[in-house]
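Chain A is the first sequence line, chain B the second, and so forth, proteins listed ahead of strands; every chain is numbered from 1.
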There are 2 protein chains.
Amino acid sequence: MFSVEQLQAFVTTVETGSFSAAARQLGKAQSVVSQHIINLEIDCNTPLFERTGRYPTLTAEGKTLLPQSIALLQQHQRFTNSALGLHQPIPDDITIALDEGIPLKTIAKAITNLETKYPNLSLEFLSASSLDIIDMLKNERAITGIIFSELDIPSYLDYECLGAIKFDLYIAKSHPLANQVCKNIDNLRLHRQLLLRSRTTQTSSFQFKISPDIWYSDNYFVLLELAIQGYGWCLLPSHVAFDEVNKGSLIKLPIEFKEMGWMANIDVLQHQKHSSLEVFRDLRTSLRNLL
Amino acid sequence: MFSVEQLQAFVTTVETGSFSAAARQLGKAQSVVSQHIINLEIDCNTPLFERTGRYPTLTAEGKTLLPQSIALLQQHQRFTNSALGLHQPIPDDITIALDEGIPLKTIAKAITNLETKYPNLSLEFLSASSLDIIDMLKNERAITGIIFSELDIPSYLDYECLGAIKFDLYIAKSHPLANQVCKNIDNLRLHRQLLLRSRTTQTSSFQFKISPDIWYSDNYFVLLELAIQGYGWCLLPSHVAFDEVNKGSLIKLPIEFKEMGWMANIDVLQHQKHSSLEVFRDLRTSLRNLL
DNA sequence: CTAAACATATCGTTTTTCCAGATACTATCT
DNA sequence: AGATAGTATCTGGAAAAACGATATGTTTAG
């Protein structure tokens with residue numbers, strides 16, 4: 001029966017590159033890590049590392065078992081976090097961090113459902129980029145985050161999908177593209193694109209670069225303003241553009257290549273410590289019912 | 001740091017109802033289980049059981065942590081099975097067990113892709129009910145199973161969804177229902193339904209009882225025959241009814257209440273021991289591409 | 001080519017943990 | 001009240017974990 005410590009030694013060794021480094025990181029003696037790996041190899045009845053060179057390298061079997069080990073350790077961490085959360089006091093003020101592209105109005109509706117059950121609850125809303133939100137959850141500046149699905153979410157955060165919202169192409173009325181129906185994506189390449197990019201220069205997975213000529217901003221409303229002033233075309237959540245379309249300063253570009261029906265998934269994020277608290281389960285349920 | 005043994009003691013206690021019974025099942029002394037639970041409670045900083053009565057009962061905290069523990073143990077089992085599978089020889093004959101309602105023709109097509117990569121592979125196909133298939137996977141009579149998604153699959157089996165197939169209503173031409181368009185489900189209630197039920201009397205989750213008058217069979221082709229002879233209406237996979245519809249002995253009943261667009265998901269099942277073998281990964285990929 | 005720097009495996013010793021059995025105590029049923 | 005089944009605690013002995021020291025191997029740089 002292999003133990004959690006063995007798996008930890010295994011995974012840390014892969015991460016750090018050597019038994020010694022793993023031992024340093026885990027705060028144990030080098031011989032301990034060495035023994036753990038050897039025992040794990042005995043249990044699995046197969047070598048996990050190739051020990052020819054100076055640094056151990058994974059064998060094929062090791063590569064197969066690595067993801068399993070990581071999954072097991074993550075589950076372990078999850079258990080620890082749940083146990084930690086058991087005696088957390090029920091919060092009476094909750095901070096929700098929202099990605100800037102997410103419609104606050106819709107979210108706010110979900111809250112009214114909560115009010116009847118938790119009358120003393122006080123709420124705070126923060127707007128930020130997805131990466132900043134993950135940071136806020138880490139250092140507990142916020143307790144719940146709502147973001148567009150990003151690929152790498154830290155393992156101590158639980159997430160669930162709430163649904164999807166639609167993105168459309170918007171453009172100023174005066175823009176040359178506004179008078180034609182866009183038959184294919186190549187039309188778009190001929191004009192400047194306005195694109196979202198967070199402060200850390202990491203573009204979101206669903207923000208495609210289409211045109212070779214791109215201006216960036218880290219904020220949807222800046223993009224909106226640039227589009228209004230005719231600096232280019234832009235992919236925006238419909239609720240962001242709604243008012244300006246009504247005013248007539250912006251128009252939605254009809255597209256014929258519908259295979260890119262730009263939809264973005266929205267996730268709700270929560271530290272595992274807080275995931276099982278009833279307030280948050282209720283909050284997530286209301287959110288899911290809305291979208 | 002809590003150990004796998006502690007969690008095993010915890011979960012087994014919940015399953016068996018007492019520390020003593022858990023100890024018997026795990027083949028340990030009673031004091032060992034008792035200590036494991038106590039240590040786990042110390043680690044989690046909360047009591048997991050109420051010890052007033054004769055038998056321990058879960059506290060609220062225990063109820064929260066139970067599913068986490070089960071998940072961790074299942075992941076542990078999964079790891080063990082993967083490790084076991086590492087030195088399994090690459091099989092040169094593969095037995096695939098199919099649910100009777102699943103189109104063999106389609107499945108067979110997937111195999112031709114494999115033949116080029118594994119020319120020496122010999123295949124065997126068995127037809128059985130979903131429950132029997134799970135049994136065959138357990139005692140290794142079959143190595144891969146393809147069934148309609150059932151709710152409870154044993155934890156040592158890996159499963160993935162391949163897709164869905166459509167079910168339609170079929171009926172003999174001479175049957176009174178055949179001359180009318182079915183406006184709502186109540187029409188169906190007035191006539192006998194022919195329904196699939198496995199030998200163990202457990203109906204599948206997607207086999208709805210609609211009519212109060214039902215005849216059962218454990219085999220789609222018996223149902224088909226009964227329907228042909230006019231004994232009632234029947235929900236069948238379209239490929240089962242196809243030939244008889246062409247011959248004119250059976251007709252597809254048009255329905256207007258489309259909200260029950262009877263679709264059944266199809267899963268491929270595999271013992272975790274074999275999941276990571278390349279042949280099976282390839283097999284599953286081909287299957288998924290077909291549906 | 002050699003020495004320095006860094007890694008790993010193994011050994012002996014100490015410390016800790018684990019396990020089983022004995023025992024005392026408690027709840028439940030008859 | 002007694003029989004039965006269950007739990008917590010204590011014990012000694014066995015097992016295992018951790019550590020530090022050491023021998024040995026690999027890589028890099030002079």
Worked verdict on D135(A) versus R141(A) for salt bridge (Lys or Arg N to Asp or Glu O under 4.0 Å): CA-CA 8 Å; D135(A) 221 54; R141(A) 173 68 190 90; over 6 Å; no
Test log, rule side-chain hydrogen bond (donor to acceptor under 3.5 Å, both in side chains), inputs D93(B) and S122(B): CA-CA 4 Å; D93(B) 48 31; S122(B) 132; 4.6 Å; no
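Counting to the nearest Å, the P atom of dA17(D) and the CD atom of Q8(A) are 14 Å from each other. In this entry the distance linking CG of L40(A) with P of dA17(D) reads 12 Å, nearest Å. Distance CG (L26(B)) to P (dA20(C)): 11 Å, rounded to an integer number of Å.
Without hydrogens or angle criteria, S34(B) side chain to Q30(B) main chain gives no donor-acceptor distance under 3.5 Å. R284(A) places a side-chain N or O within donor-acceptor distance of the main-chain N or O of S275(A), the cut-off being under 3.5 Å.
Relative ring orientation between F10(A) and F49(A) is described as perpendicular, the plane-to-plane angle rising above 60° on a 0-90° scale split at 30° and 60°.
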Per-nucleotide protein contact string for nucleotides 11-16 of chain D (B base, S sugar-phosphate only, - none; heavy atom under 4.0 Å): ------
Footprint string (nucleotides 2-19 of chain C, 5' to 3'): B base within contact, S backbone only, - free, heavy atoms under 4.0 Å: ---BBSBBB--------S
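A distance of 12.5 Å separates CG of L131(A) from CE of M136(A), quoted to the nearest 0.5 Å.
In this structure F2(A) satisfies the ring pair (Phe, Tyr, Trp, His ring centres under 6.0 Å) test together with H76(B), F79(B), sequence neighbours excluded.
Under the 4.0 Å criterion applied to side-chain N and carboxylate O atoms, R281(B) and E160(B) are not assigned as salt-bridge partners.
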